[in-house]
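Encoded as structure tokens, the structure appears first; notes follow it.
Only a predicted model underlies this, so the values are computations on that prediction, with no experimental measurement involved. So you know, we letter chains A, B, ... as the sequences are listed, proteins then strands, and number each from 1.
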4 protein chains.
Amino acid sequence: MESDTGSRRGAPRSEQTHLAILDAAASQFQERGYANFTIEGVAAQAGVGKQTIYRWWPTKTDLIAECLLDGRLFPERLSIPNTGDLHTDVVDWVSQVFELIRRPAGRGLVTSLIAAATANEQIGERLRETLGGRESVVARLSAGVEAGQLSPAKPITELAEALVGALLLKALGEGRTESGDAVRLVDALLT
Amino acid sequence: MESDTGSRRGAPRSEQTHLAILDAAASQFQERGYANFTIEGVAAQAGVGKQTIYRWWPTKTDLIAECLLDGRLFPERLSIPNTGDLHTDVVDWVSQVFELIRRPAGRGLVTSLIAAATANEQIGERLRETLGGRESVVARLSAGVEAGQLSPAKPITELAEALVGALLLKALGEGRTESGDAVRLVDALLT
Amino acid sequence: MESDTGSRRGAPRSEQTHLAILDAAASQFQERGYANFTIEGVAAQAGVGKQTIYRWWPTKTDLIAECLLDGRLFPERLSIPNTGDLHTDVVDWVSQVFELIRRPAGRGLVTSLIAAATANEQIGERLRETLGGRESVVARLSAGVEAGQLSPAKPITELAEALVGALLLKALGEGRTESGDAVRLVDALLT
Amino acid sequence: MESDTGSRRGAPRSEQTHLAILDAAASQFQERGYANFTIEGVAAQAGVGKQTIYRWWPTKTDLIAECLLDGRLFPERLSIPNTGDLHTDVVDWVSQVFELIRRPAGRGLVTSLIAAATANEQIGERLRETLGGRESVVARLSAGVEAGQLSPAKPITELAEALVGALLLKALGEGRTESGDAVRLVDALLT
DNA sequence: GATTAAGCGAGACGGTACGTCTTGTCTTTAC
DNA sequence: GTAAAGACAAGACGTACCGTCTCGCTTAATC
């Protein structure tokens, strides 16, 4: 259904430039965080005119959203394991996220993502899936239901959302977590 | 040897000015949101020099934090009811929050608070208590345990945090809620 | 050699803006004097962003210097006459300057120029020529030497400088001049 | 140091403060120049409240004027010698001033004085006497007239003013002087 | 081939807000 | 009773970015 078959008159969009901007944006976001992220900084690092960025992304959150969708903001993807034991798997994953949040750099990355979400609802929507994220958690919980380790009566989507929400709230604070926190959180939700 | 107990030499801090600034700050925060909140705007509305603000609050998030602590950012406090029926009470409260989040104005207030929290960990910490908030939710859940409506085995703090986190995550998105969402969420956590 | 002169890449400097700034600067200087001359005032009157001024003139004295060079600060140029009689011509001119200095407005203009000169050596250098100024005085004195009305032994540049300096010193005071002052000053120097 | 002889009329403590302010003002003026001279800096260095300064001197130029009158701004007084040979004496003195003006520090002091004069006519008036200064120059020239080294027909005041004015004009520029300048200037005026 | 429309780099522009500095007044407390 | 210490309103300073707008290139598709 290629609506306009690329048969426009002028020069086509440069894919090289496109990627240079995304790379620079992701790099700036990780180095400086959302608060100090500037279009001028991205343009400078990408070796690009500002107008080239504004031509394709109306706001800076749109640019960040594309980076997020491309998976450029999570170099190390936190995936939830599946060893067959639901409770252990979820505890392991939560512990991993706690570990990320404990380090200022990791916490900074998460709070920057949340900050971006507060400025752009689409990022907010995507964050639930990508953060850790909902999709995989929902999948893991579903598998747990099928394996008889979780009651079919439990609303899985809400459970996943509550889990991710709890982590997010932790990240907004000082990130202090004690041993046992992960277990307690999972107990609260999955028992 | 009156070391420093209020016996400093110069003029003391003007309480009138202090309050004028807090009032203006809260007003600006509610009207314009965190993103468009400016120190200059607060100074102008309060009829105050900028330096007077910078003297007492090093950053704008410190100013916002004090407003939050003073309860100036929640004119209409969302308190959790206690009719004796835990499940119904929590569902009612969650519905109330959903109602707030559905309206752009209410959602804007919440996302502004989250944005402020991403810039200042103290605000993050306080947000859990004040947002709706944890303290009261924890209290209500405790009462439920005593009334035999909730298993004593459940870790209450984690439960409350998951509940608030889920609401917060909702607010970051487009705020769409369907009837039944509140019930499902409470079922997921309290059953 | 067209290496980079004409082939600069970005948008060229707007001559319209350039002139608007110079006009506004001259106007502000004349109206408010050096002490109350502000970049913000110039920017506002010119309808221009402050950064546009700072881009081209690093300090406010550089801006004033350019106005001076453009002759924007002396709407009514005080030129020294040449009727053939050196002594009378110089006395007339000195009287004219005394007249200017007697009025607070005129004296304010001159002291403002001197104030600018104290902040910027280039302005100081230019002031000697432009004030009234040295160049024309030197020329008139030279003509006097050729006409045999002034000894060729006299160092003309120094004579002119002493003359202008005396006027300047007068302007720094209260500007009181009595009839006969002009004649006495010229007698002191040209006899 | 005259600590407290309670039996005299005035308030001894007040005089101490008065002097501390003048000392601090002179010190600040010499160290930082007129442009960076601040009342707060003087108050801090003198260990005095700002109001104490404002009480006695309505503007900062009044404070500077008093320092000038007290001779606090010229630690090394440039006095004009009297060896009996007028021409040589004046040349020596002019050379001394040129020497002062050649060094940026010395030139800065002079331009600061001129700047103060542009802001306060009384300072301007006093500057003529104090700068180098007129009084002594006039006295030396008068002695020269009596010694028959200068024509009685020459208006001495105007001559002195032209001389000081020429030096002042030199100080406003880049301060470059060549050998012979002093002689040429004196020749221009005294021959 | 010539024309023409777009992409692109560079960067000037009118603005807003920043956080700092200084001014001159006002207000307590200490000596 | 005089001042020190210092809070305060006002507003200019110079900087950083914003988002828009030329410029003079470089590409392609259309004529």
Side-chain angles (χ1 to χ4, degrees), chain A residues 6-18 20-21 36-44 46-56 58-60, chain B residues 2 6-18 20-21 36-44 46-56 58-60, chain C residues 6-14 16-18 20-21 36-41 43-44 46-56 58-60, chain D residues 11 13-14 16-17 36-41 43-44 46-56 58-60:
Chain A
S7 58
R8 241 182 43 274
R9 192 98 85 104
R13 178 177 191 177
S14 157
E15 192 53 27
Q16 188 181 329
T17 295
H18 184 182
I21 292 170
N36 299 320
F37 179 93
T38 66
I39 294 284
E40 293 206 325
V42 174
V48 141
K50 281 199 291 178
Q51 193 55 54
T52 303
I53 298 180
Y54 283 111
R55 181 152 35 231
W56 304 109
T59 70
K60 73 171 164 178
Chain B
E2 284 283 303
S7 57
R8 236 184 48 273
R9 195 96 84 101
R13 180 176 190 175
S14 156
E15 193 53 28
Q16 188 181 331
T17 296
H18 184 182
I21 292 169
N36 300 320
F37 179 93
T38 66
I39 294 284
E40 295 205 325
V42 174
V48 141
K50 281 198 291 177
Q51 194 55 53
T52 302
I53 298 181
Y54 284 111
R55 180 156 32 234
W56 303 109
T59 70
K60 72 170 161 178
Chain C
S7 60
R8 232 189 49 271
R9 203 86 92 91
R13 180 177 190 175
S14 157
Q16 189 181 328
T17 295
H18 184 182
I21 292 169
N36 299 320
F37 179 94
T38 65
I39 294 284
E40 294 205 324
V48 140
K50 278 199 293 176
Q51 192 55 51
T52 303
I53 298 180
Y54 285 113
R55 182 151 38 231
W56 301 108
T59 69
K60 70 171 160 179
Chain D
R13 179 147 165 74
S14 160
Q16 190 179 328
T17 296
N36 300 320
F37 179 94
T38 65
I39 295 283
E40 288 202 323
V48 141
K50 280 197 294 177
Q51 194 54 53
T52 305
I53 298 181
Y54 282 113
R55 187 150 32 229
W56 292 341
T59 70
K60 71 170 161 180

Identify all pairs in which a protein N or O lies below 3.5 Å from an N or O of nucleotides 15-19 of chain F, and state each distance.
unit_1	atom_1	unit_2	atom_2	d
dC18(F)	OP1	Ile39(A)	N	3.2
dC18(F)	OP2	Ile39(A)	N	3.2
dC18(F)	OP2	Glu40(A)	N	3.1
dG19(F)	OP2	Tyr54(A)	OH	2.7
dG19(F)	N7	Lys50(A)	NZ	3.1
dG19(F)	O6	Lys50(A)	NZ	2.6

Open item on the list: Minimum heavy-atom separation for Ala46(A) and Ala20(A), please, with both atom names.
Closed with: CB-O, 3.7 Å

Task: Value rounded to 0.5 Å, distance of CD1 in Ile53(C) from OG1 in Thr17(C) - done: 10.5 Å

Task: Backbone N/O of Pro58(C) and side chain of Arg55(C): donor-acceptor pair under 3.5 Å - done: no

- [ ] Return the minimal non-hydrogen interatomic distance between Gly49(D) and Ala43(D), and the atom names on each side.
- [x] C-CB, 4.3 Å

TODO: Return the set of residues passing side chain to side chain contact (heavy atoms under 4.5 Å, CB included) with Glu15(A) (not counting sequence neighbours), or none when no residue passes.
DONE: His18(A), Leu19(A)

Task: Minimum heavy-atom distance Val42(B)-Ile21(B), with the two atoms named - done: CG1-O, 3.9 Å

- [ ] Take nucleotides 1-8 of chain E nucleotide by nucleotide from the 5' end and write B, S or -, depending on whether a protein heavy atom sits under 4.0 Å from the base, only from the sugar-phosphate, or from neither.
- [x] ---BBBSB

Task: Heavy-atom closest contact (Lys60(B) atom, Phe37(B) atom, distance) - done: NZ-O, 3.1 Å

Open item on the list: From CD1 of Ile53(D) over to P of dT2(F), roughly how many Å is that when rounded to an integer?
Closed with: 18 Å

